Every structure is written in structure tokens, then in C-alpha cells.
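Before any comments, here is the structure.
Not measured: the values here are computed from a predicted model. Proteins get letters first, then strands, A, B, ... in listed order; numbering begins at 1 in each.
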Number of protein chains: 2
Amino acid sequence: MSTPGKKEQIYAAARALFSTRGYAATTVRDIAKEVGIRGASVYAHVDGKERILWDLVIEAADAFRDAVRPIMASPLAPDEKLRLAMAEHVTVIARNIETSTIYFHEWQHLSPARKRAVRDRRDTYEQLFRAVIAEGMKKRVFAKRDPRHVSIVLLSSLNGVSTWFRPSGPLSPESLGALYADLLLKGILR
Amino acid sequence: MSTPGKKEQIYAAARALFSTRGYAATTVRDIAKEVGIRGASVYAHVDGKERILWDLVIEAADAFRDAVRPIMASPLAPDEKLRLAMAEHVTVIARNIETSTIYFHEWQHLSPARKRAVRDRRDTYEQLFRAVIAEGMKKRVFAKRDPRHVSIVLLSSLNGVSTWFRPSGPLSPESLGALYADLLLKGILR
DNA sequence: TTTCCTAACTAACGGTTGTTAGGCAAAGAT
DNA sequence: ATCTTTGCCTAACAACCGTTAGTTAGGAAA
């Protein structure tokens with residue numbers, strides 16, 4: 001390698017462009033321009049456009065799983081597990097705002113097979129939350145509701161942070177995670 | 001008119017395609033095919049592709065404003081106003097799931113001037129929520145937090161329903177609105 | 001009947017898309 | 001000193017993009 005990590009530069013440009021303009025509205029030549037090379041030269045480093053999207057989507061899916069799975073596997077009480085998991089989930093989004101946005105909005109442009117793989121991983125991840133929510137309801141620490149509804153409302157609410165959070169703002173990823181966990185556990189009413 | 005409402009058929013097709021594939025990945029010929037005409041014939045009914053997007057975005061923005069503004073102008077207590085507004089907001093999404101999804105995700109593909117107009121309307125709408133939240137905190141019925149943070153966390157959480165709700169499912173738009181309002185007001189803990 | 005209008009058509013425009021082929025210069029290995 | 005690899009280039013491909021121009025068929029209005 002002449003320049004260290006030219007491939008990583010391409011992925012960094014793709015992260016920025018896919019997350020702001022969207023996958024379909026971003027061209028390979030756009031990515032190349034950001035890196036300072038011609039469009040065709042991208043193919044010396046990468047298989048193709050969809051492969052970049054796939055790698056970025058997996059990168060995000062891994063980040064969420066690696067952050068939350070150990071918490072769910074710990075012997076903490078359900079309310080503490082959920083609080084930590086929610087905070088960690090939001091923190092992962094805030095710390096990887098571009099990749100997370102791509103994960104949430106652009107995975108549907110993958111091939112059918114890869115789309116299926118993403119859906120499977122997402123379902124497995126969601127199951128982690130559903131289990132601890134059901135456990136908390138059984139132990140009467142959470143209000144009794146349909147755990148399927150609560151888990152999906154919860155996760156989609158947390159994911160909303162990707163639509164408005166900007167790293168340049170005053171809130172740190174950690175304080176943001178705490179805010180979301182607190183608000184969703186205790187509600188707005190006092 | 002030979003067929004009644006051919007223009008509306010075009011908009012219906014655009015609603016379905018823009019909301020599932022996204023604006024950039026939808027071609028004028030795709031829309032035409034859905035209606036049963038050729039791509040060029042679309043231009044007998046519509047100014048152009050971006051004009052369709054603009055009309056759909058305004059359609060959604062109007063639906064939210066018209067549903068929530070009268071509630072906020074009523075003389076109810078802040079917690080009741082907020083509960084009704086949240087429920088109504090979610091109900092509007094569920095009842096217009098395609099247009100709402102376009103409003104949330106595709107408005108950024110508009111021209112700069114139209115993008116600015118959308119942002120202004122959204123800010124005005126968000127202000128309605130911020131005001132009632134601040135009022136509720138002042139009257140000590142809501143836990144004291146930064147109203148800016150709470151309003152944006154709240155609205156982005158409610159908007160999350162657009163990512164998973166399907167009209168074919170078991171939940172009605174109204175029960176969905178009640179679920180969200182209850183959960184976000186009182187939290188998961190009992 | 002003749003004229004006009006409408007909604008559709010085909011053809012084409014200039015430009016862009018993701019991607020491949022082939023070449024060339026520099027650097028590393030033998 | 002020669003060979004091989006690497007990283008980029010230009011040129012080009014076939015397909016597709018939003019949109020315009022010109023045409024045609026059919027019904028309404030005169």
C-alpha cells in the first residue's frame with residue numbers, strides 16, 4: 001500500500017455519503033471524488049457498490065450485538081439489564097451515527113438474500129430485548145403489556161435518535177443514552 | 001376525463017413506490033407501469049417527478065398540523081393535551097403510513113428552497129409540543145428536564161411507528177396511538 | 001360533418017449509471 | 001537488471017435516467 005488504508009478511505013466516504021444522500025442517490029464516482037481518485041479506480045479496492053453497503057450494514061449490526069449481548073447475559077435484575085441495554089444501544093448509535101443511519105434506512109437496497117440475512121440478525125437482536133421485558137413483567141417490576149409491542153416500540157423509539165443527533169451538539173453519546181433510558185423507563189409524568 | 005382521477009392513480013402509485021423503494025430508486029417509468037401507461041405519458045398529468053414528491057410531503061405535513069393544532073389550542077390540562085396530541089400524531093402516521101414514511105425519509109431529495117420550507121413547517125409543529133411540555137413542567141405535572149430534549153426525543157420516538165406498523169396487522173391506528181401515549185407518559189416501570 | 005381537445009403513444013434528447021478492458025508508471029522482489 | 005505486482009488512469013460499454021417533441025386516435029363541441 002502506498003497510502004495507508006486507501007480502502008478505508010473509500011469506506012469512510014461511502015459512510016458519509018450513504019448516510020446523508022442515501023445509497024441510491026450516491027454514485028461510485030461521488031465516492032471516488034471524495035477520495036481523490038476516478039470512479040473506475042474504486043474497483044481496484046472494492047468488489048462493487050453493493051458490497052460496500054453490505055459491509056457497512058454488517059459493521060453496524062455487529063456493533064449493536066457486541067454492545068448489548070453481554071449485558072443481557074449478565075446476572076443483573078431485569079430493570080437494570082434493560083436500563084443498561086437501552087443506554088448502550090443509544091450510545092452505539094450516537095458514536096456511529098453514519099453507519100447506524102445506513103443500517104436503519106439503506107439495508108433494503110441490498111439483494112434479496114442479504115436482505116434476509118439482515119432481517120434475521122435484527123430479529124435475533126430484538127429477541128434479546130423481548131426476553132428481558134417479558135422477564136421483568138413476570139417479576140412485576142414492569143407494567144404488564146404485550147412484550148412484543150413493548151420491545152418493538154422501545155427499539156424503534158431508541159433508533160429515532162439517529163434522525164436528529166449530531167456529534168457537534170452539546171450532548172455526549174453517554175448522556176444521551178442515560179436520557180433515553182430514564183425517559184422510557186419512568187415516562188414523562190412525575 | 002376518460003378514466004376518473006388518473007392523476008390520483010399516479011399519486012397513489014408514487015406513494016406506494018416512494019415509501020417502499022425510496023424516491024431516488026423509483027423511476028418515472030416505474031410509476032407509469034403501475035398505472036398502465038408509458039413513462040412519457042405521466043407528463044400529461046404532472047409537472048415532474050420532484051413535484052409529485054413535494055405534493056406528497058405537503059400532504060403529510062398538513063395532516064399532522066390539522067390533527068394536533070386544535071388539541072394544543074384547547075383549554076385542557078397539559079398532561080391531557082400531550083396525551084391526546086401524542087395519540088393523534090401516531091394515529092395520523094398509522095392511517096397514512098405511506099405518506100408519513102415519505103415525509104420522514106424522502107423530503108431531503110427536494111430542492112434546497114422546498115427543503116427549507118419543510119424544515120420551517122416541521123419546526124413550527126415541534127414548537128407546539130415543546131410549549132405544552134414546558135407548561136407541564138412549570139405546573140409540576142411533568143418531571144423537570146430540558147423541554148427541547150424531551151420534545152425531540154418524544155416526537156422522534158413517535159415517528160418510529162412508521163418503520164414497523166403495517167395496516168394488515170392486528171393493531172388499529174387508534175389503539176396504537178393509545179399504546180404510545182401511555183408508554184411514553186408513564187414509562188415501562190410500574 | 002368538421003373542428004378541437006385530450007390522453008395516450010413512439011422516438012429521441014443529452015446525460016448518467018455501475019462496471020469492464022487495457023495501458024502505463026512506479027515500486028518491490030528476484 | 002529483469003520481472004511482477006500495484007494503483008491509478010482513460011476509454012468505453014450497454015443500460016437507464018428525467019424529460020421534450022411530434023404524432024395519432026377518439027370523443028366532444030360547433
Give every residue pair that meets the ring-ring contact (aromatic ring centres under 6.0 Å, His included) criterion with at least one member in [range], sequence neighbours excluded.
range                       : answer
residues 11-51 of chain A   : A:F18-A:Y23, A:Y23-A:H109
residues 74-102 of chain A  : A:F64-A:H89, A:H89-A:Y125
residues 168-190 of chain A : none

Taking only distance into account, with no hydrogens and no angle test, what donor-acceptor pairs under 3.5 Å do side-chain atoms of residues 34-42 of chain B form with protein atoms, sequence neighbours excluded?
none

(message) Once ring-ring contact (aromatic ring centres under 6.0 Å, His included) is applied, do any residues pair with A:H149, and if so which ones, sequence neighbours excluded?
(response)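 With sequence neighbours excluded, A:H149 shows a ring-ring contact (aromatic ring centres under 6.0 Å, His included) to no residue whatsoever.
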Measure from [atom1] on [X] to [atom2] on [N] and round the result to the nearest Å.
X     : N      : atom1 : atom2 : result
B:I10 : C:dA8  : CD1   : C1'   : 11 Å
B:K33 : C:dC9  : NZ    : C1'   : 17 Å
A:I37 : D:dG7  : CD1   : P     : 11 Å
B:R38 : C:dA12 : CZ    : P     : 15 Å

(message) Strictly below 4.0 Å, N to O, side chains only: are A:E126 and A:R121 in salt-bridge contact?
(response)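 Not counted as a salt bridge, because no side-chain N and carboxylate O are separated by less than 4.0 Å.
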(request) Run the salt-bridge test on B:R116 and B:D120 with the 4.0 Å N-O cut-off and return the result as yes or no. (result)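 Result for this pair is no, no salt bridge flagged.
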Can I get a per-line list of side-chain donor-acceptor pairs under 3.5 Å for residues 77-85 of chain B, giving both atom names and the distance, sequence neighbours left out?
residue	atom	partner	partner atom	Å
B:K81	NZ	B:M72	O	3.2
B:R83	NH2	B:D182	OD1	3.4

Might you list the N or O atoms of the protein lying below 3.5 Å from N or O atoms in nucleotides 14-18 of chain D, with each pair's distance?
residue	atom	partner	partner atom	Å
D:dG18	OP1	B:T26	O	3.4
D:dG18	OP1	B:K49	NZ	3.2
D:dG18	OP2	B:V28	N	3.0
D:dG18	N7	B:R29	NH1	2.9
D:dG18	O6	B:R29	NH2	3.2

Tell me whether the OP1 or OP2 atom of [N] has a side-chain N or O from [X] closer than 4.0 Å.
X     : N     : answer
A:K6  : D:dC8 : yes
B:H45 : C:dT6 : no
A:S41 : D:dC9 : yes

Mind listing the N/O atom pairs, protein and nucleotides 3-5 of chain D, below 3.5 Å?
none

Pull out every protein N or O sitting under 3.5 Å from an N or O of nucleotides 21-27 of chain C, one pair per line with the distance.
none

(message) For the NZ atom on A:K115, are there more than 12 heavy atoms of other groups (residues, nucleotides or ligands in this structure) within a distance under 6.0 Å?
(response)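 Result for NZ/A:K115: enclosed.
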(request) Describe, as an angle rounded to 10 degrees, how the axis at the first end of the helix from C:dT1-D:dA30 to C:dT30-D:dA1 is tilted relative to the axis at the last end, five pairs per end. (result) 10°
(request) For B:S19 and B:T101, work out which heavy atoms get closest and say how close. (result) O-CG2, 3.9 Å
Can you give me every donor-acceptor pair (side chain of residues 134-141 of chain A, partner residue at least two apart or in another chain, under 3.5 Å) with its distance?
residue	atom	partner	partner atom	Å
A:E135	OE2	A:K139	NZ	3.1

(request) Flag the pair A:T163 / A:F104 as yes when at least one side-chain heavy-atom distance between them is below 4.5 Å, and no otherwise. (result)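 A side-chain contact is absent here, since even the closest heavy-atom pair is not under 4.5 Å.
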(request) Write out all pairs satisfying salt bridge (charged side-chain N to carboxylate O under 4.0 Å, His left out) with one or both partners inside residues 18-31 of chain A, taking only residues at least two apart or from two chains. (result)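 Those involving residues 18-31 of chain A are A:R21-A:D30.
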